[in-house]
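See structure below.
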Amino acid sequence: MRTRTDRYQLADAAVWRVGGSSREHRAIRANPVVTEIAAGHDATPAQVALAWLLAIADNVLLIPGTSSRSHLAENIAAGSLSLSDDEVAGLTATFETR
C-alpha cells in the first residue's frame with residue numbers, strides 16, 4: 001500500500017514540539033550555553049534553538065508557533081543564523097536525550 005508520503009516521495013516526518021511546556025521553554029531560554037551562543041551572535045536564545053535544530057539535520061522543517069509579527073521575523077531570521085561546529089556540538093551535548 002502506498003502512503004501519501006510515498007506518492008510525493010517525502011520522508012515520514014516525526015513531529016516534535018520544541019521544549020514542550022512553558023516551563024521547558026523558559027529553561028531553554030535561560031540555559032547558559034544557549035544564552036552565551038545567543039550573545040555571541042547578537043541573537044535571541046529562541047533563534048539559537050531554532051538554528052541548532054536546522055543544523056543537526058538537513059531534513060528538518062521547522063514550523064514554530066508565533067503570536068506576533070515580531071516573533072515571526074525572529075523565527076525567520078533564525079534560518080540565517082550560522083552556528084559553528086563547536087556551538088552545534090555544545091548545544092547537542094546540552095540537550096541530548098538522557
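The residues of the chain are indexed from 1 along the displayed sequence.
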Side-chain atoms of residues 33-45: list all donor-acceptor pairs with protein atoms under 3.5 Å, sequence neighbours left out, distances to 0.1 Å.
{"unit_1": "Thr35", "atom_1": "OG1", "unit_2": "Asn31", "atom_2": "O", "d": "3.2"}
{"unit_1": "Thr35", "atom_1": "OG1", "unit_2": "Pro32", "atom_2": "O", "d": "3.2"}
{"unit_1": "His41", "atom_1": "NE2", "unit_2": "Glu87", "atom_2": "OE1", "d": "3.0"}
{"unit_1": "His41", "atom_1": "NE2", "unit_2": "Glu87", "atom_2": "OE2", "d": "3.0"}
{"unit_1": "Thr44", "atom_1": "OG1", "unit_2": "Gln47", "atom_2": "N", "d": "3.0"}
{"unit_1": "Thr44", "atom_1": "OG1", "unit_2": "Gln47", "atom_2": "OE1", "d": "3.4"}

Check: Taking all non-hydrogen atoms of both residues, which atom of Asn75 and which atom of Thr66 are closest, and how far apart?
Finding: ND2-CB, 3.9 Å
Item checked: For Ala49 against Ile28, the heavy-atom pair lying closest together -> CB-CG2, 4.3 Å
Notebook entry, point to check: Of the non-hydrogen atoms in Leu54 and Gly79, which two are nearest, and what is the gap between them?
Noted result: CD1-CA, 3.9 Å
Note to self: Are Val88 and Thr92 packed together at the side-chain level, in the sense that at least one heavy-atom pair is separated by less than 4.5 angstrom?
What the structure shows: yes
Checklist line | Point-to-point distance, once rounded to the nearest 0.5 Å, from CH2 of Trp52 to OG1 of Thr94 | finding: 8.5 Å
Item checked: Those residues that, when tested against Ile76, pass side-chain contact (heavy atoms from CB on, under 4.5 Å) (two or more places apart) -> Leu72
Notebook entry, point to check: Which residues satisfy the side-chain hydrogen bond (donor to acceptor under 3.5 Å, both in side chains) test with Ser67, sequence neighbours excluded?
Noted result: none
